[in-house]
Amino acid sequence: MISTLGFGTIAVALALSVYGAVAAVVGVRTRRPELVQSASVAAYVNFALLAIANLAMVYALVVHDFSVSYVAQVGSRATPLFITIISLWSALEGSILFWGLVLAAYTASAVYLHRNHPGPLVPYATATMLVVGAFFYMLLIGPANPFEPVWPVPADGPGPNPLLQNHILMAVHPPLLYLGYVGMTVPFAFAIGALLSGELDATWIRMTRRWTVTAWIFLSLAIVAGMWWSYEVLGWAGYWAWDPVENASFMPWLTATAFLHSVMVQERREMLRVWNLSLIVSTFLLTILGTFLTRSGIVQSVHAFTQGTIGYYFIGFIAVGLVFSLILLTGRGTELRSAGNLDSPLSRETVFLFNNLILTAFTFTVLLGTLYPILAEALRGVKVSVGAPFYNKMTLPLCMALLFLLGVGPALPWRRAEPDVLRRKFVIPGIALLVVAGASLALGLRQPYGILAFGFAAFTLCATLGEFAEGARARMRAHGESPLVALGRLIGANRRRYGGYIAHLGVISMAVGIAASSTFQKVRDVTLKPGESVRAGAYDVRFDQLWAQNEPHRFVVGADLTVLAEGKEIGRLAPRLNFYGDRDEPITTPAVRTRPHADLYINLMAFERDGSSATFQVIIEPMVVWIWIGGGIIGLGGFIAVLPGRRRRREAAVVTDPVAAGKGGDV
Amino acid sequence: MNLRSVLIAVLVTLPLVAVFLRGMRSDPRFVPPAIPGQPAPDFALVRMPMAADEEPSDTIRLADYRGKVVVLNFWASWCVPCRVEHPELVAVAREYRDRDVVFLGILYKDQPGNARAWLNEMGGEVYPTLLDPGSRTAIDYGLTGVPETVIVDPSGTVAFKRIGIVNREMLVREIEPLLAEVVRP
């Protein structure tokens with residue numbers, strides 16, 4: 001029943017997507033608005049169909065309908081309800097199904113919100129989004145069909161991957177990632193629309209700015225949530241391993257970040273047209289490449305799902321997308337030539353150019369490292385793997401340069417900076433840089449990148465706060481406002497600009513967290529008998545007792561620990577090992593005591609069955625919480641930047657978006 | 001659309017596609033076979049009782065079957081492809097019942113209760129299934145998933161390893177030449 005319903009809705013969605021894409025293009029070419037209109041309707045109906053298909057799958061999971069192949073694969077009667085529901089995205093087929101829903105939602109809302117824009121741009125963009133949709137629906141009725149009927153019906157299933165059952169962030173990270181990944185389809189579709197329709201000015205950029213920033217926020221939050229999950233669950237007290245699939249989510253983030261900055265140059269100065277189109281096309285293709293890497297089994301990774309024919313579909317789609325985009329980009333030639341020119345090397349444009357160069361170099365580095373094992377095997381037939389040392393060596397200098405530019409860019413004016421501006425803006429940040437770098441050195445820090453990271457973070461922090469202070473002071477003088485009111489109104493009146501600066505503060509927070517936790521981490525393994533203690537930083541950790549308990553879907557062994565500071569009890573921790581069914585390896589649940597200055601992170605490594613002793617790994621990880629806080633600040637900054645202004649709501653029916661249309665104060 | 005841009009597009013895309021296609025043909029988890037041609041790792045595993053209240057008793061060792069062809073099939077009740085190959089294994093096991101071929105199932109990450117119900121549903125136990133607590137034997141054999149089938153020759157060397165479903169034709173093709181090596185006392 002559910003198999004038929006699910007498969008049927010997807011098949012109809014596929015047919016509608018193909019129809020809609022053809023109708024939109026034919027409608028535009030032959031000037032028949034009713035055909036274009038029917039394509040929009042196809043987009044709306046697809047959203048409803050995908051919603052039905054996803055609900056049907058959730059229903060099948062909840063009622064344990066093992067006649068549906070996906071349920072037989074990831075379901076289990078012993079799994080708690082909440083985890084059963086989120087196992088919708090715990091394996092290949094379900095995640096593509098969910099992907100289809102997110103894509104259909106984006107497509108329908110983009111088509112709806114831009115329905116009144118005249119000209120061929122929106123129909124072409126609609127067709128592009130429907131073609132992308134058709135590809136994913138094709139996967140769902142072909143190699144990744146989650147609704148395959150199973151006969152005979154199994155009595156029970158193995159349950160989802162235990163790693164996915166272990167932490168609430170698993171409910172958050174995948175949907176955020178899909179919202180980010182899939183969201184990049186909208187600006188990509190409008191870029192293709194711009195290329196096909198010849199509307200090559202900044203119109204498509206203004207129309208899609210909020211879509212791009214929204215997708216970028218989701219992608220940023222997804223990456224940070226993934227880091228946090230890895231830190232809280234995997235027991236290695238790390239958060240980034242340059243795993244191919246981490247890279248897969250990071251590369252489109254890098255190009256999207258470059259895009260968010262470089263579009264400002266086009267809006268302001270009519271420069272970088274081809275560059276912007278290329279960046280967003282690359283971002284989209286990198287999301288597809290990332291999905292290919294994760295879903296095809298071509299690389300080995302903790303995220304890699306099962307292998308099958310699905311990889312070939314992705315290769316085909318990447319090939320078609322790349323050929324099509326390249327033909328469009330190279331074919332427009334002279335029309336895309338820039339209208340503006342650089343005036344001075346000391347200007348905000350220049351900093352944006354450097355920012356883009358660095359982010360692009362960064363993307364290429366990560367891409368090379370990720371694809372190198374595939375290349376090496378294809379060309380030389382050898383197995384190689386590219387590890388963290390390569391990435392750290394190659395990307396740390398780029399990170400440092402980016403951190404520095406983060407402080408320079410906002411302080412420089414457009415077109416040309418006068419020497420006295422430079423002096424006024426950079427004296428305090430410069431002093432902060434020297435003081436912090438000197439202090440790090442004096443306190444015994446010897447890694448050059450550590451010293452640079454703290455120094456540049458101080459520099460950039462001062463420069464960014466300086467921008468807020470200067471703006472607020474101007475308002476206080478002009479309107480006689482109190483400092484806080486002035487600051488609030490300053491941000492409210494220039495959301496895009498100051499939202500961006502707030503996101504910069506988040507990046508600084510992350511940089512400090514990463515630098516501190518990777519430079520000053522202390523790890524110690526210790527075996528304790530009940531009652532014994534171990535010294536960890538400023539704390540003593542006492543092992544009280546070992547316990548075990550049966551839960552419906554797992555067996556848990558835990559250790560009760562008491563944390564003491566100067567002999568006084570200040571908290572309790574309980575690291576655990578979880579045994580799922582007959583799976584071999586226990587899944588660890590580290591106990592983490594998070595404090596602003598440092599985390600105390602304890603793993604239960606091993607234990608005697610009689611409880612007479614247990615082995616712990618005790619880790620002191622300084623300032624790691626600032627990474628997660630920084631992620632939150634980045635999201636907040638992005639959110640402020642996309643908030644519609646008061647005026648916009650009244651003028652919602654107006655064709656172009658007036659706020660995004662580059663009003664005076666905006667960056 | 002002009003010829004130049006088509007040419008650029010194709011020249012950029014083709015090598016990438018070629019590399020990916022090549023990459024798809026090789027398995028990233030494939031490590032050159034440590035197993036075929038190597039001595040089969042020995043094991044001592046208890047036989048899964050077919051009644052719920054029965055205590056597991058017999059311990060079965062691989063070494064006990066030196067001089068015979070041993071077919072080891074790793075399976076689980078939650079494994080959908082296992083359902084497809086099971087009748088084929090049973091058919092070949094019946095066919096070779098009176099010759100020097102031993103079939104052993106090894107249960108992989110599964111509850112004995114579920115496995116028993118599965119076997120009963122598939123027509124009852126034809127050859128013994130062994131319990132592999134902690135999947136130690138599966139690890140010894142470099143198992144990547146279920147089903148996987150390993151054939152051990154009379155000298156105790158791994159002659160064949162198959163990741164995925166086996167069928168009758170495949171099994172017979174491997175077993176027949178090995179039977180020729182069996183030395184009758």
Side-chain angles (χ1 to χ4, degrees), chain A residues 66 69 72-73 75-76 78 148 150-152 154-159 244 289 292-293 296-301 304 306-307 309-312 314-316 318-333 371 373-379 381 383 385 580-585, chain B residues 1-32 76-83 107-118 120-122 131-139 143-146 163-164:
Chain A
F66 294 111
S69 57
Q73 189 192 337
S76 149
E148 198 114 28
V150 178
W151 185 262
D156 204 346
L289 176 75
F292 165 66
L293 294 175
S296 67
I298 194 166
V299 291
Q300 192 164 8
S301 151
T306 45
Q307 290 159 313
T309 55
I310 192 163
Y312 296 103
F314 273 102
I315 294 175
I318 292 170
V320 171
L322 195 56
V323 167
F324 185 69
S325 309
L326 282 171
I327 288 176
L328 285 179
L329 280 169
T330 53
R332 284 283 175 187
L371 295 184
I374 304 171
L375 278 170
E377 189 165 9
L379 301 179
K383 295 258 174 200
S385 66
Y580 284 84
D582 276 349
R583 306 212 185 224
D584 322 312
E585 294 298 315
Chain B
M1 185 154 64
N2 57 43
L3 195 64
R4 192 181 125 261
S5 38
V6 175
L7 208 65
I8 295 174
V10 170
L11 284 180
V12 171
T13 309
L14 265 186
L16 191 72
V17 168
V19 166
F20 283 159
L21 285 176
R22 187 68 192 266
M24 286 296 290
R25 278 213 306 273
S26 75
D27 179 352
R29 287 183 189 77
F30 176 84
V31 181
S77 68
W78 46 261
C79 149
V80 177
C82 295
R83 283 175 186 273
L107 195 63
Y108 178 67
K109 294 186 181 180
D110 201 359
Q111 309 282 358
N114 290 346
R116 262 193 300 275
W118 189 90
N120 285 330
E121 187 193 323
M122 301 294 289
L131 298 176
D132 182 19
S135 303
R136 304 223 171 264
T137 306
I139 293 168
L143 201 74
T144 58
V146 275
I163 296 172

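Order of the sequence lines fixes the chain letters, A, B, ..., with proteins taken first and strands second; residue numbering starts at 1 for each chain.
- The shortest heavy-atom contact between A/Ile374 and B/Gly23 is CG2-CA, 4.1 Å.
- With contacts defined as side-chain heavy-atom distances shorter than 4.5 Å, the pair B/Lys109/A/Pro158 does not qualify.
- Residues meeting the side chain to side chain contact (heavy atoms under 4.5 Å, CB included) test with B/Thr13, sequence neighbours left out: A/Ala319, A/Leu322, A/Val323, A/Leu326, B/Val17.
- Taking each heavy atom of A/Glu377 and B/Arg22 in turn, the nearest pair found is O-NH2, 4.5 Å.
- Heavy-atom minimum distance, A/Pro154 versus B/Arg83: CA-NH2, 3.8 Å.
- Side-chain contact between B/Met24 and A/Phe314 is absent, with no heavy-atom pair separated by less than 4.5 Å.
- In this structure, chain B has a heavy atom under 4.5 Å from the side chain of A/Phe292, while its backbone stays farther away.
- Comparing A/Pro152, A/Ala155, A/Gly157 by heavy-atom pairs within less than 4.5 Å of chain B, the highest count is held by A/Pro152.
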